[in-house]
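Atoms considered below: every heavy atom in the structure, side chains included; atoms not considered: hydrogens, waters and symmetry mates.
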Amino acid sequence: MKEYSYFCSTRIEMGKGKTKELPELLNSLEMGTSILLVSDPGVIRAGLVTPIHSALEEAGFRVTLFDGLSQNPRDTECLEGAALFREVAADVVVAIGGGSAMDTGKTIALCGPNGGTPADYADGRLSYSNIAPIVCVPTTAGTGSEVTRSAVITEATTHRKMTLKHAALRPTLAVLDPVLTYSVPPAVTAATGVDALVHAIEGYTCKVTNPISQALGAKAMRTIAAALPAVYANGQDEEARHAMLEGSLMAGLCFGSADVAAVHCLAEALGGLYDTPHGVANSVFLPYVLKFNATENKPMHARLARYMGFAVDADSDDQAIDKLIGGIAALTESLNIPKLKDLPGIKEEDFPRIVELSMKNGSTPSNVRTITAEDYLAILEEAYRS
């Protein structure tokens, strides 16, 4: 019998208009009165931050805004935020945005009180302790970072994607308000939605999964596969927006106590080298990695096809797997996900470097099927030719 652990200490508040309750929630949790508000310029321009900022100040909080971050956050940006955290004597970090804002916020909450660099923690030179309280308010249905123990940060000098991982990095509070996702453009809705689907698939299938993660992953796959086409077609579909945010949350809870795998390893290599948006990179590789993985544990992969509605119970496992691979490819095509060869900057001569970074990724050993450098290269070549 398999031993496993599952832990999530994050308080989750989910529902339409929940961000209006944020000042009251912060007061009830007694986190302090000085807030470092972390967000990115795009979310600010969309008008999502100002109402929350104003409400917090009206409630008596002292709020300082940090918005110096990229779509693939860099260690240098996190260190700037950490310095500001110390300068204003912040008590708590409130991150509003997608994965970049939330991962940056987590890293600031770590490095701000303790010093050091993100690499010091990722490489084990410093321990995870004395982390400031973290509050996450997601504005996309994608990363699930609001409930995970991880933050992925790019090392600017090497383009390495570092994963900071510790239970203490889990946010104290996650406030999920689907209203904040209504204005997300279709292309971002598509990429972040597939990102969430990858979290559910890899969290369910990886070598370090567990029954709780699989239960959450199965529900997340059902939810996302049904809601994503609807919300892509109509971003004002309130039920679909709510379902996508809930599906992303469950996918985060799925992989947050398990792991991701080869799709993410390739995607993070692309993000580090070319600044490719994470959801786009995951979407590009998902069909090809699934095709590679599906020969390992066929009954499990057949279940994925049934969860997502690509296959029915009467289908054999082989039939279901064929429908899974075809269904995922058709889904990404219907969402107008770009092809690998069409992404900015991608060059075949860089493939060995992409493979090298993927092999070094700490999640490669978690892939359901053992994957080698030669396998990664073959997947890259197939994705590029398609």
State, with a plain yes or no, whether a side-chain heavy atom of [X] is found less than 4.5 Å away from one of [Y].
{"X": "T205", "Y": "N293", "value": "no"}
{"X": "L197", "Y": "L228", "value": "no"}
{"X": "N210", "Y": "Q214", "value": "no"}

Is there a donor-acceptor contact under 3.5 Å from the side chain of [X] to the main chain of [Y]?
{"X": "T140", "Y": "G98", "answer": "no"}
{"X": "R170", "Y": "F7", "answer": "yes"}
{"X": "D67", "Y": "S39", "answer": "no"}
{"X": "S213", "Y": "T209", "answer": "no"}
{"X": "E146", "Y": "P138", "answer": "no"}
{"X": "N72", "Y": "I153", "answer": "no"}
{"X": "N367", "Y": "T370", "answer": "no"}
{"X": "R241", "Y": "T181", "answer": "yes"}
{"X": "S248", "Y": "M244", "answer": "no"}
{"X": "H199", "Y": "A251", "answer": "no"}

Taking all non-hydrogen atoms of both residues, which atom of [X] and which atom of [Y] are closest, and how far apart?
{"X": "M31", "Y": "L173", "result": "CE-CB, 4.4 Å"}
{"X": "L340", "Y": "V284", "result": "CB-CG1, 3.7 Å"}
{"X": "V260", "Y": "C206", "result": "O-CB, 4.3 Å"}
{"X": "V152", "Y": "P73", "result": "O-CG, 3.9 Å"}
{"X": "K341", "Y": "R385", "result": "NZ-O, 4.3 Å"}
{"X": "T148", "Y": "G144", "result": "CG2-O, 3.1 Å"}

Just by distance, with hydrogens left out, do [X] and [Y] show a side-chain donor and acceptor under 3.5 Å apart?
{"X": "R160", "Y": "T154", "result": "no"}
{"X": "S363", "Y": "K165", "result": "no"}
{"X": "S145", "Y": "K106", "result": "yes"}
{"X": "H264", "Y": "E202", "result": "yes"}
{"X": "S386", "Y": "Y288", "result": "yes"}
{"X": "R62", "Y": "S34", "result": "yes"}
{"X": "T192", "Y": "D195", "result": "no"}
{"X": "T364", "Y": "N361", "result": "no"}
{"X": "H301", "Y": "N297", "result": "no"}
{"X": "T104", "Y": "E77", "result": "no"}

Got a second to check how far [X]'s [atom1] is from [Y]'s [atom2], nearest 0.5 Å?
{"X": "Y232", "Y": "L331", "atom1": "OH", "atom2": "CG", "value": "10.5 Å"}
{"X": "L22", "Y": "E13", "atom1": "CG", "atom2": "CD", "value": "10.5 Å"}
{"X": "I212", "Y": "S257", "atom1": "CD1", "atom2": "OG", "value": "8.0 Å"}
{"X": "M308", "Y": "T223", "atom1": "CE", "atom2": "OG1", "value": "12.0 Å"}

>> Salt bridge check, K291 against D322: does any charged N sit closer than 4.0 Å to a carboxylate O?
In response: no

>> If the condition is side-chain contact (heavy atoms from CB on, under 4.5 Å), which residues does S28 pass it with, not counting sequence neighbours?
In response: R11

Kindly work out whether a path of hydrophobic side-chain contacts (I/L/V/M/F/W/Y, heavy atoms less than 4.5 Å apart) joins [X] to [Y].
{"X": "V38", "Y": "V135", "answer": "no"}
{"X": "V208", "Y": "M300", "answer": "no"}
{"X": "L37", "Y": "L180", "answer": "yes"}
{"X": "V289", "Y": "V280", "answer": "yes"}
{"X": "M359", "Y": "I371", "answer": "yes"}

>> Can you classify the ring geometry of Y128 versus H166 as parallel (below 30°), tilted (30 to 60°) or perpendicular (above 60°)?
In response: parallel

> So S70 and R74, side-chain contact (heavy atoms from CB on, under 4.5 Å) or not? Walk me through it.
Replying inline: CA-CA 7 Å; S70 308; R74 293 163 173 77; 3.0 Å; yes

> Applying ring pair (Phe, Tyr, Trp, His ring centres under 6.0 Å), which residue pairs with at least one partner in residues 361-386 are found, sequence neighbours left out?
Replying inline: F351-Y384

>> One pair to check against side-chain contact (heavy atoms from CB on, under 4.5 Å): H242 and M14. What are the steps and the verdict?
In response: CA-CA 9 Å; H242 186 283; M14 171 80 186; 3.6 Å; yes

>> Could you go through D318 and K323, starting from their C-alpha distance and side-chain angles, then the distance that decides it, and tell me whether this counts as salt bridge (charged side-chain N to carboxylate O under 4.0 Å, His left out)?
In response: CA-CA 9 Å; D318 285 335; K323 291 181 178 181; over 6 Å; no

> So K16 and E238, side-chain contact (heavy atoms from CB on, under 4.5 Å) or not? Walk me through it.
Replying inline: CA-CA 9 Å; K16 185 177 179 180; E238 294 187 9; 3.1 Å; yes

Tabulate below the donor-acceptor pairs under 3.5 Å that side-chain atoms of residues 42-58 make, not counting sequence neighbours, or state none.
residue, atom, partner, partner atom, Å
H53, NE2, E57, OE2, 3.3
S54, OG, T50, O, 3.0

>> If you apply the rule salt bridge (charged side-chain N to carboxylate O under 4.0 Å, His left out), what do you find for R125 with D120, and how did you get there?
In response: CA-CA 5 Å; R125 290 186 292 272; D120 288 330; 2.9 Å; yes

Return yes when atom [atom1] of [X] has more than 12 non-hydrogen atoms of other residues, nucleotides or ligands closer than 6.0 Å, and no otherwise.
{"X": "E239", "atom1": "CD", "value": "no"}
{"X": "E333", "atom1": "CD", "value": "no"}
{"X": "K207", "atom1": "NZ", "value": "yes"}

>> Can you tell me which residue among I108, T107, T117 is in a side-chain contact (heavy atoms from CB on, under 4.5 Å) with L79?
In response: T117

> Taking it one step at a time, do D350 and K347 satisfy salt bridge (charged side-chain N to carboxylate O under 4.0 Å, His left out)?
Replying inline: CA-CA 5 Å; D350 291 342; K347 300 187 292 291; 3.3 Å; yes

>> side-chain contact (heavy atoms from CB on, under 4.5 Å) for I346 and L273? Distances and angles first, verdict last.
In response: CA-CA 9 Å; I346 303 295; L273 287 173; over 6 Å; no

>> Does D313 form a salt bridge (charged side-chain N to carboxylate O under 4.0 Å, His left out) with R303? I'd like the steps, not just the answer.
In response: CA-CA 9 Å; D313 289 344; R303 288 198 298 273; over 6 Å; no

> When the aromatic ring centroids of F66 and F85 are compared, is their separation below 6.0 Å?
Replying inline: no

